[in-house]
Visitor: 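Questions regarding the structure given below will be posed in turn.
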Amino acid sequence: MAFPKAPAILASRDLRGADLAGDPAGSSLRIYAWMRLARVADNRILDLFRQGVIRGTVTGGQGNEWMVVPLALLLDKAKDVVCFTHRGLGGHLVWSGHLCDHLNQYLANAMSPTRAREGNIHHGDPANRSLPMISHLGAMCGPVLGATDSQRRFGRKAVGVAFFGDGSSSTGDVHESLNLASLLSLPVVFVIENNSYAYSTPTDEQFARGTELWRRAEGYGMEGLVLECCDPRDAARALAPVIDRVRETSRPVLVEARTLRLRGHAAYDTCDYLRPGEADAFAARHPLPHFRESLARELGAARVDAVDAEIGSFIEDCIKAAIAVPRPDPAGMEADLFAPAPAPFPWRPEPAAPESLTLAQALNRALRKVLAERPASIVLGQDIATYGGAFKVTENLFAEFGRTRVLNTPLAESACTGYAIGLAVNGHRPIEEFQFADFATEAMTQITLNAATMHFRSGAACPLVLRLPSGAVGLGSFHSQELESLFLSMPGLKALYPSNPQDAFNALLAASEDNNPVLLFEHKGLYRRGKHPVAWDPDYRRVWHPRRIREGGFATLVTYGEAVHLAKEACDYLAAEYESDIEVFDLRCLSPLDLSEIVPSVARTGRLIVLHEGRRTHGFGAEIVARVTEGARPPLKAPPLRIAALDLPVPFAHELEAAFRPSKDRVIELITGWMS
Ligand SMILES: Cc1ncc(C[n+]2csc(CCOP(=O)(O)OP(=O)(O)O)c2C)c(N)n1
Ligand SMILES: [Mg+2]
């Protein structure tokens with residue numbers, strides 16, 4: 001489809017601070033044209049929603065253009081990083097693409113930039129560093145930090161801009177991100193779009209001490225300033241030096257932009273909650289008509305009228321063109337969940353001779369290899385630098401690779417995972433250690449909604465490894481959990497769970513070269529369970545598939561992680577005592593599940609056992625049983641047996657923990673009971 005030709009005045013998307021002094025007329029009219037485009041487009045999108053042509057919801061940016069348009073014009077589109085919010089259509093229009101691209105997004109048609117997988121303004125242009133927003137407010141700050149840092153690491157003098165509203169400023173992610181940006185000295189401008197309301201809630205019901213949100217900057221050790229709603233040229237004059245300063249000093253700045261609540265929260269909101277006179281007060285301060293009037297005075301009404309007319313007919317032509325685009329095709333959706341597998345990385349075939357290592361040492365060896373051979377890799381997590389991590393998996397890496405590659409993080413799992421996502425989307429390959437898998441719940445939104453959905457909704461790869469020390473080793477409810485079911489009930493995550501040092505080494509290489517977020521579950525009880533030979537394995541990618549570790553004809557047992565060792569011991573005992581040989585598979589990869597060898601094995605043995613340490617109800621075994629037995633031919637000889645932990649929080653005392661999770665004796669008892 002040929003998009004209508006844009007008016008000449010929209011040919012330039014750039015504004016330099018100096019333009020405002022040197023050529024006030026030319027640059028003023030250009031700012032006006034982009035603002036006008038944003039405003040009329042937003043209004044027409046609202047009309048189309050009311051007519052039922054656009055579905056879902058639309059959240060307009062009316063009242064924010066005076067700030068977002070000059071800011072977008074001032075940024076360097078060839079290197080800077082942004083993430084606009086649901087009030088940022090003006091920013092999107094300036095940043096990249098044709099108006100039709102953006103309309104296609106709202107119309108969710110076959111040419112939508114999110115391939116119609118997201119609606120409203122949830123698109124971006126990741127290839128040009130405009131990160132697509134997710135609804136979860138505050139959660140986009142971390143990715144802006146990461147992508148901006150990634151640009152700097154690649155030697156590009158970028159600035160990032162993280163937008164969020166007054167309401168969003170209450171989220172933990174915003175706090176974590178402000179702290180992280182200051183700590184890492186990241187060149188990010190945080191912009192609070194304060195329109196005095198979060199949906200229907202006024203600021204005095206959101207904050208105890210009024211609305212001086214910019215003053216929070218001091219607490220984070222950064223500069224803060226307030227920008228009252230004003231003529232967009234004044235906004236540009238105020239913002240240009242801020243951007244320059246952030247670019248030069250690489251210090252973050254917090255800007256509170258006091259914007260206007262000209263319309264309701266979204267299309268359906270009639271704003272009944274505004275206080276008496278408030279709507280009129282907003283209207284009186286509305287910069288767009290004032291700006292238009294001054295331009296008409298300065299340049300003559302005819303020139304401004306001509307811009308309006310040209311933009312108006314361009315928008316109508318674009319709407320016609322976008323409406324004519326066919327509806328999206330569901331075909332291919334499932335294939336797009338994951339980014340395709342890249343060619344194997346040309347790893348050096350080392351260690352050539354086997355080294356005798358524990359599983360923790362094997363992971364350390366693999367991390368060293370990844371850091372040494374792949375410059376884009378970065379290891380981050382709490383206490384992982386000089387201390388070497390809670391389980392010493394990162395020991396000595398800091399001494400060898402330094403702070404830029406091996407980065408200690410504050411207790412801010414959500415922002416740090418967001419930061420890692422930003423690094424990943426922009427071309428780095430972060431490997432994040434969670435001190436215990438349990439703390440990954442702090443980053444639930446970032447992992448399951450931001451990272452996991454990234455490729456599906458934006459087409460961008462997110463090569464991110466999340467290392468999760470798992471399993472019960474006597475530490476109680478909050479340092480012991482097996483969280484595979486929790487995470488893997490959400491689409492878009494890959495997951496590996498090695499049971500021995502060689503698989504752990506292979507798993508880290510395989511995960512680190514994948515172009516998707518990969519959860520690497522590491523059972524703490526296996527970290528130091530003996531030393532085993534570990535060497536370069538040209539078949540390391542086999543770790544994405546299960547391995548048959550014991551042959552047998554009586555039944556098929558599927559397990560993973562530490563339970564693999566229980567299974568082996570129990571099956572050896574059963575073979576000796578009952579002459580019942582059980583075939584055992586170490587699943588190794590929990591997502592994507594490959595059951596291609598397991599299904600024929602169960603067809604042959606006619607019996608299926610699943611064994612894992614995670615809880616039984618909604619446990620991962622339920623999925624395996626369902627997938628293996630649905631449509632099983634021939635029908636099974638016995639109902640499947642699930643052996644798992646009790647449906648309880650992980651109890652602390654060792655007697656209680658032993659009763660909670662499967663033991664060798666319990667496995668034997670349950671299997672013999674099932675056999676008889
Ligand atoms: C974390 C989170 N909680 C709740 C919501 C639902 N919600 C969407 S917009 C909104 C109000 C946001 O207010 P603000 O950040 O001030 O932005 P504004 O819409 O005023 O521009 C709420 C509560 C959300 N998107 N994210
Ligand atoms: Mg608000």
Side-chain angles (χ1 to χ4, degrees), residues 38-39 42 45-46 56-69 71 82-92 118-122 132-144 161-178 190-207 210-214 216 226-229 254-275 278-279 281-282 285-286 413-415 417-418 441-450 453 457:
R39 172 61 60 90
D42 252 333
I45 286 164
L46 186 58
T57 190
V58 293
T59 48
Q62 295 95 337
N64 280 21
E65 303 93 337
W66 65 272
M67 176 275 300
V68 78
V69 166
L71 189 46
V82 284
C83 182
F84 298 110
T85 65
H86 54 299
R87 307 286 174 220
L89 178 62
H92 281 285
E118 270 297 321
N120 192 15
I121 194 166
H122 290 179
M133 76 171 279
I134 63 168
S135 291
H136 290 51
L137 296 168
M140 290 315 302
C141 292
V144 170
V161 182
F163 293 92
F164 52 94
D166 49 289
S168 318
S169 78
S170 293
T171 63
D173 259 296
V174 167
H175 160 67
E176 290 185 2
S177 300
L178 285 161
F190 290 89
V191 180
I192 311 179
E193 300 166 294
N194 183 356
N195 60 0
S196 311
Y197 281 89
Y199 208 143
S200 72
T201 307
T203 34
D204 58 10
E205 289 181 39
Q206 300 182 56
F207 315 107
T211 56
E212 299 284 295
L213 299 177
W214 63 279
R216 294 181 185 178
V226 63
L227 188 60
E228 291 290 347
C229 164
L254 175 65
V255 178
E256 179 185 346
R258 301 215 172 126
T259 67
L260 302 173
R261 185 57 182 269
L262 291 183
R263 301 209 79 104
H265 169 70
Y268 41 77
D269 175 9
T270 47
C271 261
D272 301 335
Y273 44 81
L274 290 188
R275 289 159 183 168
E278 205 173 18
F282 282 145
R285 290 169 57 219
H286 185 181
E413 282 82 358
S414 188
T417 305
T441 57
E442 294 287 297
M444 203 69 191
T445 298
Q446 295 293 359
I447 298 171
T448 63
L449 297 178
N450 219 346
T453 65
R457 67 192 154 90

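Keep in mind the model is a prediction, meaning the values are calculated, not measured. We count ligands from 1, going down the list as the structure has it; atoms in each ligand are counted the same way.
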Visitor: Measuring from atom CD1 of I192 to atom CZ of F164, what distance do you get when rounded to the nearest 0.5 angstrom?
Guide: 4.5 Å
Visitor: When you compare ligand 1 with G167, is there at least one nitrogen or oxygen pair between them that comes in under 3.5 angstrom?
Guide: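 N/O-N/O distance below 3.5 Å exists for this pair.
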Visitor: What angle, to the nearest 10°, do the atoms O (Y197) and OD1 (D166) form about the Mg ion (ligand 2)?
Guide: 110°
Visitor: Could you find the nearest protein heavy atom to atom 6 (C) of ligand 1 and give me its residue, atom name and distance?
Guide: L137 CD1, 5.0 Å
Visitor: Using heavy-atom distances, let me know which of S168, S200, S135, A266 sits nearest atom 15 (O) of ligand 1.
Guide: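 Minimum heavy-atom distance to atom 15 (O) of ligand 1 goes to S168.
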Visitor: Write out the residue and atom name of the closest protein heavy atom to atom 21 (O) of ligand 1, then the distance separating them to 0.1 Å.
Guide: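 Checked against all protein heavy atoms, atom 21 (O) of ligand 1 sits closest to R87 NE, 2.8 Å.
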Visitor: If the contact criterion is a heavy-atom separation under 4.0 Å, does H265 count as touching ligand 1?
Guide: yes
Visitor: Using side chain to side chain contact (heavy atoms under 4.5 Å, CB included), reason through W66 and L227 one step at a time and then give a plain yes or no.
Guide: CA-CA 11 Å; W66 65 272; L227 188 60; 3.9 Å; yes
Visitor: Among all protein non-hydrogen atoms, which one is nearest to atom 20 (O) of ligand 1, and what is the separation to 0.1 Å?
Guide: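 For atom 20 (O) of ligand 1, the nearest protein heavy atom comes out as Y197 O, 2.8 Å.
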Visitor: With under 30° as parallel and over 60° as perpendicular, where do the rings of F282 and Y197 fit, or are they tilted in between?
Guide: perpendicular
Visitor: Using side chain to side chain contact (heavy atoms under 4.5 Å, CB included), reason through D173 and H136 one step at a time and then give a plain yes or no.
Guide: CA-CA 10 Å; D173 259 296; H136 290 51; over 6 Å; no
Visitor: Could you tell me which non-hydrogen atom of A139 sits nearest to which non-hydrogen atom of T445, and how far apart they are?
Guide: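 So the two residues come closest at CB-CG2, 4.3 Å.
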Visitor: Tell me: protein heavy atom nearest atom 11 (C) of ligand 1, and distance?
Guide: Y199 N, 3.5 Å
